[in-house]
Amino acid sequence: MLDQKFIRENPKSVEENLSLRGKVYNISQIHELTVKKKDIDVEISSLQSDSKKLSKLIGQEIRKSQSDNSLELISLKKKGNEYRIKISELEEKQRILGQEINNQISNLPNFPSKDAPIGKDESNNIQVKTWGDPFIGDNLKSHWEIGENLNLFDSINSTKISKSRFITLIGNGARLERALINFMLDEHTKNGYLELMPPALVNSESLKGSGQLPKFSNESFKCSNDDLWLSPTAEVPLTAFHKNEIIDCNQLPLKYVAYSPCFRREAGSYGKDTKGLIRLHQFNKVELYWFCEPSQSLEAHKKITSDAESILKKLNLPYRLVDICTGDLGFSSSRTFDLEVWLPSSKCYREISSCSNCLDFQARRSSIRTKIDKKNIYLHTLNGSGLAIGRTMAAILENGQQKDGSVRIPDALIPYFGSNFLKTA
RNA sequence: GGAGAGGUGGCUGAGUGGUUGAAAGCGGCUCCCUGCUAAGGAGUUACAGGAGGUAACUUUUGUCGAGGGUUCGAAUCCCUCCCUCUCCGCCA
């Protein structure tokens with residue numbers, strides 16, 4: 001959420017900043033509404049002040065005269081009644097305006113960072129660095145072929161259970177998934193993160209708080225009988241964990257790691273990644289999340305990204321770091337670094353982690369603050385996948401594939417998985 | 001799902017229509033006293049918004065779970081909702 005006062009006082013600057021996203025934003029209407037609302041706020045405030053004084057006077061008169069229906073009192077009460085009518089009329093206008101403003105501002109994305117590369121879509125993203133040597137060879141199998149050969153997961157039967165884009169992990173596939181979750185959680189907790197296991201169902205407020213609502217209601221699953229949604233990412237419950245709080249600045253930064261199942265409708269992605277583990281309605285993810293003081297967030301962004309990278313390094317998976325351009329930034333983010341893992345079968349890098357600095361955008365929506373120098377200021381929030389489990393499995397299968405059809409398990413994972421190769425049973 | 005109880009400031013806890021933004025206590029902060037510590041004394045101590053000021057600050061409004069209503073005036077009366085707790089039932 002952008003600051004309403006800032007919009008009122010700097011409409012031009014708001015438009016310029018938002019337009020970096022490669023789309024024209026016209027906020028003249030919102031601006032006009034905020035100005036109008038301010039005038040009404042001031043008028044109401046002054047009428048209320050008068051009305052309040054009158055009420056006190058009436059109270060004093062009643063006590064003094066021991067009667068509450070003298071001619072003078074009746075006239076004073078009548079005047080009070082006029083105040084009430086006038087104020088309630090204005091309040092109605094104020095309410096409608098406030099709602100409209102809120103509605104419109106909720107649909108505005110965050111300002112892109114000045115440091116983010118300017119561009120209109122993902123073709124303008126910038127590769128910052130690569131790590132490891134991409135595995136290139138002939139006759140390399142896709143992870144879904146490997147999965148089928150080794151009987152690691154099943155999508156056919158899963159459509160019977162649910163529908164397409166669901167998967168059932170089987171035997172060593174399920175075991176590998178579990179090993180990856182435990183491995184990542186252990187690595188991050190060793191690294192100073194506090195583990196949380198939040199609810200998978202979240203209410204509308206929480207989705208608004210992190211930016212998924214109101215604009216992207218189409219992208220999450222909703223429960224029909226309750227105000228609850230299946231969480232699309234642990235970022236949602238983690239943000240909401242501290243909703244409406246003022247956090248002691250001595251406790252900052254707060255660093256959380258959470259495993260959670262994630263649910264996404266993937267509307268509009270028909271025909272994309274229909275095979276394998278890349279794009280599912282339900283997937284597992286280990287998420288990193290920071291709450292920090294504004295002055296720390298640039299540093300925190302580097303740290304959260306390198307914490308996510310450390311997992312890829314330990315798993316010995318080649319990857320690259322991409323600086324997302326202004327036109328490709330997510331709604332809540334001001335700057336995002338994507339980590340993309342090498343997938344030999346498709347000879348390209350695929351997103352496996354997205355590390356974003358949301359500045360105070362989510363904190364303002366969720367009202368999460370801290371007190372610095374006696375002033376309440378909104379915190380900065382950062383999130384990063386550390387990592388998406390399904391895509392990590394896909395990468396391990398493809399990058400670890402051997403000529404004999406087996407898959408080599410990365411050394412770091414062996415203690416968790418229990419053996420060093422995946423073979424046919 | 002059935003029955004009951006309850007939601008007040010950082011915490012405990014008073015408060016059923018009129019200077020109550022809210023007693024009292026605890027905690028926090030400032031100052032005083034004291035050789036140190038302990039104890040004692042005085043004061044102070046919520047959040048959000050608006051207006052004015054470069055600022056320190058001044059002023060004003062709203063907020064006693066949330067939203068409505070009654071009234072000149074609501075923490076207090078009425079309605080709706082949410083949440084918490086206890087007991088029973090059901091259940092991983």
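Letters A, B, ... are given to chains in the order of the sequence lines, protein chains preceding strands, and every chain is numbered from 1.
- Summarising the local packing, CD of Glu122(A) is surrounded by 12 or fewer heavy atoms from other residues, nucleotides or ligands at distances under 6.0 Å.
- In this structure, U86(B) forms a base pair with A3(B), meeting either the Watson-Crick or the G-U wobble geometry with both donor-acceptor distances under 3.5 Å.
- In this structure, Glu82(A) atom CD and U71(B) atom C1' are separated by 15 Å, rounded to whole Å.
- Of the nucleotides present, U80(B) is the one that pairs with A66(B) by Watson-Crick or G-U wobble criteria, both distances under 3.5 Å.
- When heavy atoms are screened at a 4.0 angstrom cut-off, Leu76(A) is found touching no nucleic acid atom at all.
- Listed pair Ser45(A) / G50(B) fails the phosphate criterion, with no side-chain N or O lying under 4.0 Å from OP1 or OP2.
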List every contact pair, protein side and nucleotides 62-68 of chain B side both N or O, where the distance is under 3.5 Å.
| residue | atom | partner | partner atom | Å |
| --- | --- | --- | --- | --- |
| G62(B) | OP2 | Lys52(A) | NZ | 2.9 |

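- Salt-bridge formation is detected for the pair Glu92(A)/Arg95(A): a Lys NZ or Arg NE/NH1/NH2 atom is positioned less than 4.0 Å from an Asp or Glu carboxylate oxygen.
- Going from atom NZ of Lys37(A) over to atom P of G50(B) covers 9 Å, rounded to whole Å.
- Residue pairs meeting the salt bridge (Lys or Arg N to Asp or Glu O under 4.0 Å) criterion with at least one partner in residues 195-220 of chain A, sequence neighbours excluded, are Glu205(A)-Lys208(A).
- In this model, the phosphate group of C72(B) is not approached by any side-chain N or O of Lys53(A) to a distance below 4.0 Å at OP1 or OP2.
- In this structure, Asn81(A) reaches the sugar-phosphate backbone alone: every heavy-atom distance under 4.0 Å involves primed, P, OP1 or OP2 atoms, never a base.
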